[in-house]
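Remember, it's 1-based here, ligands and their atoms both numbered in the order they're listed. All values derive from a computational prediction rather than experimental measurement.
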Amino acid sequence: MKKKMTIPDILKMKQNGQRITALTAYDFPFARLVDDGGVDVILVGDSVGVVVAGHATTLPVTMDEMLYHVRAVIRADPKALVVADMPFMSYHTGIEEACRNCGRMIKEGGAEAVKVEGGSNMAHVIRAVSSIDIPVMAHIGLTPQSVHRMGGYKVQGRSDQAERIMDDAFAVQHAGAFAVVLEGIPAALAAEITAELTIPTIGIGAGSSCDGQILVIHDILGLCEKYSPKFVKRYADLSPLISAAVTQYVAEVRNGEFPTEEHSFS
Ligand code: KIV
């Protein structure tokens with residue numbers, strides 16, 4: 001049986017040159033499937049707001065919604081390390097509130113680590129939260145909660161911005177993050193950051209040189225047709241399968257083919 005993944009295990013993977021695999025999950029059945037598939041890290045991402053709740057951005061997601069999804073994932077008893085994403089405005093207004101909200105994800109949700117978006121600007125939060133023994137995964141580059149500042153979901157760190165992203169990477173490591181997500185940055189910059197940092201880098205749209213990769217489960221299964229970024233690889237196309245099953249069910253109920261005796265009690 002697979003052993004439970006811990007923070008030291010994730011750190012060791014970088015030291016041993018083993019690639020870290022991560023996917024999102026937001027509920028019990030997907031947490032079970034993703035965990036059975038063997039991922040090292042499950043992120044209960046605030047992407048739930050887009051791919052499950054149908055919002056245009058992750059910004060409306062609340063603490064209570066995240067806690068609901070974290071608890072559902074934890075009930076699947078995953079062997080993967082479970083990281084809870086901190087929603088917009090849950091860690092922005094001060095260290096005390098950030099620590100309290102991150103603590104809720106661990107204490108009430110059952111997560112084993114939290115993720116916050118931001119680099120140098122969030123170093124004080126990462127330092128404070130890490131100092132009370134809540135492991136923090138940082139997230140720099142294209143940070144979806146900064147959609148309005150960025151003017152859309154645009155690749156970050158091209159040309160003169162590269163130095164700022166490199167500074168962010170060092171700032172989050174120095175502040176105590178145990179890992180950092182690099183999203184939507186040029187592959188060469190991600191390779192440089194990965195070589196410079198001692199903590200693992202987990203890439204999404206950041207090329208192949210990162211210490212690990214993460215994608216949104218709905219994207220790789222073809223369950224989110226709203227948008228499909230260039231960095232997503234679709235490993236299955238489930239939407240037509242689900243539609244066909246629903247269409248067949250509707251037809252069979254209408255024409256009396258379902259239920260049969262097999263599905264009835266005597
Ligand atoms: O919310 C999310 O799913 C994420 C990952 C895609 C990194 O932040």
Side-chain angles (χ1 to χ4, degrees), residues 10 20-27 30-31 34 39-63 65-70 72-73 78 80-92 102 105 109 111 113-119 122 126 135-147 150 153-157 165 168-169 172 177-185 190 193-194 199-207 210-221 223-224 226-235:
I10 298 295
I20 300 160
T21 57
L23 278 171
T24 65
Y26 317 103
D27 58 26
F30 273 101
V34 162
V39 293
D40 304 304
V41 177
I42 293 177
L43 172 71
V44 188
D46 64 351
S47 49
V48 70
V50 176
V51 299
V52 175
H55 294 298
T57 70
T58 58
L59 301 180
V61 176
T62 66
M63 270 298 294
E65 287 165 350
M66 286 305 300
L67 277 167
Y68 172 86
H69 288 287
V70 171
V73 165
L81 183 82
V82 178
V83 180
D85 218 356
M86 297 307 296
F88 180 57
M89 290 309 287
S90 67
Y91 58 96
H92 300 74
C102 291
M105 289 298 185
V114 297
K115 177 168 83 59
V116 302
E117 295 186 10
M122 282 296 156
I126 295 170
V136 179
M137 178 179 278
H139 183 163
I140 64 172
L142 192 172
T143 45
Q145 292 174 9
S146 319
V147 58
M150 296 182 301
Y153 299 107
K154 296 177 181 165
V155 172
Q156 303 291 301
I165 305 286
D168 283 341
V172 299
F178 76 92
V180 57
V181 171
L182 306 179
E183 178 164 356
I185 64 171
I193 292 171
T194 301
I199 60 171
T201 60
I202 315 284
I204 171 162
C210 296
D211 297 307
Q213 296 291 328
I214 185 162
L215 284 173
V216 168
I217 186 70
H218 286 59
D219 289 341
I220 73 164
L221 298 181
L223 287 171
C224 188
K226 261 202 267 183
Y227 74 109
S228 189
K230 175 180 159 72
F231 56 75
V232 169
K233 179 168 176 184
R234 198 174 270 192
Y235 287 84

Are the side chain of T21 and the backbone of D40 linked by a donor-acceptor contact shorter than 3.5 Å? yes
If we ignore hydrogens and angles and just use 3.5 Å, is the side chain of E183 paired with the main-chain N or O of T143 as donor and acceptor? no
Please tabulate, one line per pair, the protein nitrogen or oxygen atoms found under 3.5 angstrom from a nitrogen or oxygen of ligand 1, with distances to 0.1 Å, or say none if there are no such pairs.
from	atom 1	to	atom 2	distance (Å)
ligand 1	1 (O)	D46	N	3.2
ligand 1	1 (O)	D46	OD1	3.0
ligand 1	1 (O)	S47	N	3.0
ligand 1	1 (O)	S47	OG	3.3
ligand 1	1 (O)	D85	OD2	3.0
ligand 1	3 (O)	S47	OG	2.5
ligand 1	8 (O)	K115	NZ	3.0

Which class fits the ring pair H218 and Y26: parallel under 30°, tilted 30 to 60°, perpendicular over 60°? tilted
With sequence neighbours left out, the residues meeting side chain to side chain contact (heavy atoms under 4.5 Å, CB included) with A179 are M137, P200
Establish, from distance only, whether the side-chain atoms of D211 and T194 form a donor-acceptor pair under 3.5 Å. no
Contact summary for E117 and Q145, nearest pair of heavy atoms: OE1-N, 2.8 Å
